[in-house]
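Along the sequence shown, the residues carry numbers beginning at 1. Note that these values count all heavy atoms, side chains included, but never hydrogens, waters or copies made by symmetry. As the structure is a computational prediction, the values presented were derived from the model and not from experiment.
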Amino acid sequence: MATIQSSLNNIFFSTYLQTLSQTPHRLRRRMLATWTPDQELNQVRLRSGADMKRKLNWYDLVALGVGGMLGVGVFVTTGHVALKISGPAVFISYIIAGISALLSSLCYTEFSVEIPVAGGAFSYLRVTFGEFVGYFAGANILMEYVLSNAGVARSFTEYLCCAFGMHPNSWRVEVDGLAEGYNRLDFPAVALVLLLTLCLCHSTKDSSTLNLVMTVFHVIFFGFIITAGFYNGSTKNLIKPGGLAPYGVKGVLDGAAIVYISYIGYDSVSTMAEEIKNPSKSLPVGIVGSVLIVSALYCLMALSLCVMVPYNEISDTASFSMAFKKMVGWKWASNVVGACASLGIAASLLVAMLGQARYLCVIGRARLVPFWLAKVHPSTGTPMNATLFLGICTASIALFTDLDIVLEMISIGTLLVFYLVANALIYRRYVIKGTNHPLPTLLFLLLLSSSSIGFSLSWKLKQQWWGLVLFSGSIITITAFFHYMVPCLRRPTEWSLPFMPWPAAASIFLNVFLLSTLKKISFQRFGIWTCLVTLFYVLYGVHATYQAEEMEMGVHEVNQTPANQQTKLEIQLL
């Protein structure tokens, strides 16, 4: 028995060493490997076994987009940003973030109509820049989803406590011995995440219907808060005690980078592409429509909060409930707001968890993560394994981690992914393999990003004004030169972003600018995450995708074997 075990260990060890020795060759082959849209739509999708069921209409998508964004932005970030970062000018932060999100959503829309698969940014970047860039974007957007969902779930507990007239931390269990920020266990948040996970495993259409009902109610509730806030508040609170922007223009822009996580919900709409009845018509309405509706509601809600209470008196937790609690004669509204906000947060969490599972499912199809995560359940038509796995991850983080810690890590990944998608759209429009050389387009993207970084650093480091003029002028000049000198070779017939490359170039600039406003610790944590996902790709993803491709090629060759050769082969085997 010991001899057999020793032999097995030697075989495993030699196989492992052989795999490691092949890593450089496979890296070169796999990192820049691209798939065509047709392969994404057919060959790769077949790996999941059963197809996802097409049951969603355009109004389902609008409701999913609105429901997915509303709970996150208003109830999680508004009070925190108004109190510590932007002051009453938080509504301007939402406007800036909304413009950037709208430009990014337009880029997403063109890709999602042309490649209607559940992979979102992962699939768009994989067909454009290759496997590694797609994997890197997918890993980051998954990190965004899991962390933001954990933060949203913890906010659910705070507002639910307010619904019962209790302190926001009443239902959390404080544990001595754990580090600050990780020592308040949130069991209601865990219960909510697990309950929604089971709901999503059951049916996408039923989940969408539930979200539609909750979102309609949620919007009506928003109307109540906006009306009550403006009716009982005072515009003097916008300028007292420290003026509209007590933290300066820098605070407004820093706030825009933080509240940008509020718009991650529209990305989840694009991941529903495989479950939509008419993707070419429904996706543009669902993505762009939901961003416009939510942007308007965000600004009005932020204004209503700041006119109700001076910014320095806003509560960092359950901000809207605590604001009503401070108003004479409106304490009853604090309980109502807590209950309705809890419902809105649950709707937001439902949509975000819907999107994150589809991302992981498609990454599993590509064999960049274990293949069992790609399986679609034949009876429910949902990616059940991916849903359960990410639900457990989200619940684990929601149990321990405070919102402030989560917020520092979220926006950086979202901004980076949206930046990459804008670059990919320009590249895909102006470069066709075998038709023209990609160098002019790559040079334009490099110069555009470099100028955007130069402008952002000049602003952040408070250099001379001429630096801002120089870099902004160069951005406009190189974009205009590229527009007139390099022909656009591809224009999708069903839906295409007009006035290219200007909208995508503006999206690139805004994403870079907002990235530069984030804190140093965000980049440090992001660096650690980047090292981990890259190491996983090198040690696992490269070999898994390489072997999967070889296996499929072998099956294809067998299927193409003439009948007489196949018979001869079978005789030899016998």
Side-chain angles (χ1 to χ4, degrees), residues 27 30-35 37 39-41 44-45 47-48 52 104 107-108 111-112 115-149 261 264-274 352-376 383 385-387 389-390 393-394 409-425 428 511 526 528-545 548:
L27 265 176
R30 297 304 313 164
M31 285 187 70
L32 299 178
T34 58
W35 292 79
Q39 287 173 318
E40 283 284 341
L41 290 168
V44 178
R45 188 169 62 177
R47 294 176 179 175
S48 289
M52 298 183 193
S104 295
C107 297
Y108 259 82
F111 269 118
S112 64
I115 313 172
V117 293
F122 166 74
S123 296
Y124 310 152
L125 291 168
R126 196 161 77 116
V127 301
T128 307
F129 290 140
E131 183 176 274
F132 178 73
V133 177
Y135 162 79
F136 182 71
N140 275 286
I141 209 73
L142 276 175
M143 176 194 71
E144 298 290 305
Y145 272 122
V146 171
L147 290 176
S148 64
N149 290 345
I261 67 164
I264 195 175
Y266 82 77
D267 175 77
S268 63
V269 175
S270 70
T271 66
M272 308 305 298
E274 290 183 29
M353 292 176 65
L354 199 68
Q356 72 178 13
R358 277 132 190 90
Y359 258 113
L360 187 58
C361 173
V362 176
I363 296 173
R365 287 176 186 171
R367 305 296 178 96
L368 290 164
V369 294
F371 185 58
W372 61 271
L373 291 167
K375 291 297 182 181
V376 173
N385 293 343
T387 303
F389 175 76
L390 289 174
C393 292
T394 302
M409 188 66 182
I410 296 176
S411 290
I412 188 168
T414 306
L415 290 165
L416 182 63
V417 170
F418 293 168
Y419 161 81
L420 290 172
V421 169
N423 277 274
L425 183 63
R428 191 162 178 77
N511 284 317
F526 175 74
I528 295 171
W529 173 252
T530 299
C531 291
L532 290 175
V533 297
T534 303
L535 188 64
F536 183 84
Y537 176 77
V538 172
L539 296 180
Y540 176 85
V542 168
H543 306 291
T545 55

Of all residues at least two apart in sequence or in a different chain, which pass the ring-ring contact (aromatic ring centres under 6.0 Å, His included) check with Y108? Y124, Y266, F418
The reported gap from CG in N423 to CG in N511 (rounded to nearest 0.5 angstrom) is 9.5 Å
If we only count heavy atoms from C-beta on, is the M353 to N149 side-chain gap below 4.5 Å? yes
Side-chain contact test, heavy atoms from C-beta onward, threshold under 4.5 Å: evaluate it for F136 versus V417 and give yes or no. no
Look only at the side chain of N385 and the backbone of W372, and say whether a donor-acceptor pair between them is shorter than 3.5 Å. yes
Min side-chain heavy-atom separation V421-L425 under 4.5 Å: no
Please examine the side chains of L420 and F129, heavy atoms only from C-beta on, and report whether any two atoms are closer than 4.5 Å. no
Within this structure, what is the CG-OH distance for the pair L535 and Y540, rounded to the nearest 0.5 Å? 14.5 Å
Side-chain heavy-atom pair Y145, T394 within 4.5 angstrom cut-off: no
So OG of S123 and CZ of R365: to nearest 0.5 Å the spacing works out to 8.0 Å
Walk me through it: do V369 and F536 pass the test side-chain contact (heavy atoms from CB on, under 4.5 Å)? CA-CA 9 Å; V369 294; F536 183 84; 4.2 Å; yes
Can you check whether C531's main-chain N or O pairs, donor with acceptor, with T534's side chain at less than 3.5 Å? no
Please give me the minimum heavy-atom distance between G364 and A374, naming the atom from each residue. C-CB, 3.5 Å
Tell me the closest heavy-atom pair linking T387 and A357, and the distance in Å. OG1-CB, 3.3 Å
Do M143 and V533 come within less than 4.5 Å of each other through their side chains, counting heavy atoms only? no
In short, A386 meets C361 closest at the heavy-atom pair CB-N, 4.2 Å
Centroid-centroid under 6.0 Å between F122 and Y135 rings: no
So, for R126 and E131, which heavy atoms are closest and what is the spacing to 0.1 Å? CG-CA, 3.9 Å
Within a strict 4.5 Å, meaning less than it, do heavy atoms of the L142 and L390 side chains meet? yes
Distance from L415 atom CG to N140 atom CG, nearest 0.5 Å? 11.0 Å
